[in-house]
Amino acid sequence: SQTIHQWPATLVQPVGSPLSLECTVEGTSNPNLYWYRQAAGRGLQLLFYSVGIGQISSEVPQNLSASRPQDRQFILSSKKLLLSDSGFYLCAWSASGTGGYEQYFGPGTRLTVT
Amino acid sequence: GESVGLHLPTLSVQEGDNSIINCAYSNSASDYFIWYKQESGKGPQFIIDIRSNMDKRQGQRVTVLLNKTVKHLSLQIAATQPGDSAVYFCAEASGYSTLTFGKGTMLLVSP
C-alpha cells in the first residue's frame, strides 16, 4: 500500500531563517506531488505541484520554492522565512496519468515563524 | 477565477442525526468532485468522490449528491457519530489533476 511521510511534524523558526520541509511517498511510482499551505481555520492553498523529477509548477508567487530531486521526494524550501509563512503545510500525492484526481495527504508540518 | 465555496461554516448536530453539508461551485467545466474530512492537526482524508456524469453516489454512511443545474454539491452523513466531528472540504477538478478546495465546514457532533 502507498504511504506518505512528512517531517518534521512541528517546527518553530525565527524570521529570516531558512526552511526545508521534506515529503516522501512509498508504494507508488511517478506520482504527482503537491505542496499546500493551510492558515488557521482556513482552506487549502496550493503552492506547488510536480508531475515528474525536476518539474515544478508554482501556483502562488512567494518566497518559497520547491524541488523534486527524486521520483518520490518533494522538498519545500525558503531562504528567509517571513512571519506570514506560518501555517500548516501539507504534502499530497496523486496517481499520474488520466482519471486520477484523488489526492492523498500526508500528516502535515506545523510551522510557526517567530 | 472560478472557485468552490461552502454555505455553512459551522454545523452542529446531535449524535444519531443525519448531517448535510452543502457546497456551491461556479466552474461549469468541472467534471470531478471530492469530499475530504480533516480532523484537528491532521491531513485531509478522502471520503467520497463523484464524477459529473453521475447525480448520486453512496458510500458507507455517506452519500454525495450532485446537482449540475444549480451547481450544487452536498455530503450527507447518516447516523452522525462524535467521531464524525471534523472540518469537511469539498473540492472540484477539471483538466489536470489539481484540486480547487472550498473553505470548509466545521461539523460538531454532540453526544
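Each chain gets a letter, A, B and so on, in the order its sequence line appears, and its residues count up from 1.
The aromatic rings of B:Y36 and B:F101 sit tilted relative to each other, their planes meeting at an angle between 30° and 60°.
Listed for the A:E22 side chain is no donor-acceptor partner under 3.5 Å among the backbone atoms of A:F74.
Across A:W35, A:F48, A:Y49, a single residue satisfies side chain to side chain contact (heavy atoms under 4.5 Å, CB included) together with A:E59, and that is A:Y49.
Neither the backbone nor the side chain of B:Q45 comes within contact range of chain A, judged by heavy atoms closer than 4.5 Å. With a threshold of 4.5 angstrom between heavy atoms, A:L44 approaches chain B through its backbone and through its side chain. Interface residue A:Q38: only side-chain heavy atoms are found under 4.5 Å from chain B.
Remark: aromatic rings of A:Y104 and B:F46 are distant, center separation not under 6.0 Å.
Counting heavy atoms from C-beta on, the side chains of A:R68 and A:I75 never come closer than 4.5 Å.
Near-neighbour residues of residues 106-114 of chain A relative to chain B, defined by a heavy atom under 4.5 Å from a heavy atom of that chain, comprise A:G106, A:P107, A:R110.
In this structure, CE in B:M54 is found 11.5 Å from OH in B:Y32, a value given to the nearest 0.5 Å.
A:L82 belongs to no multi-residue hydrophobic cluster, having no ILVMFWY side-chain contact under 4.5 Å with any other such residue.
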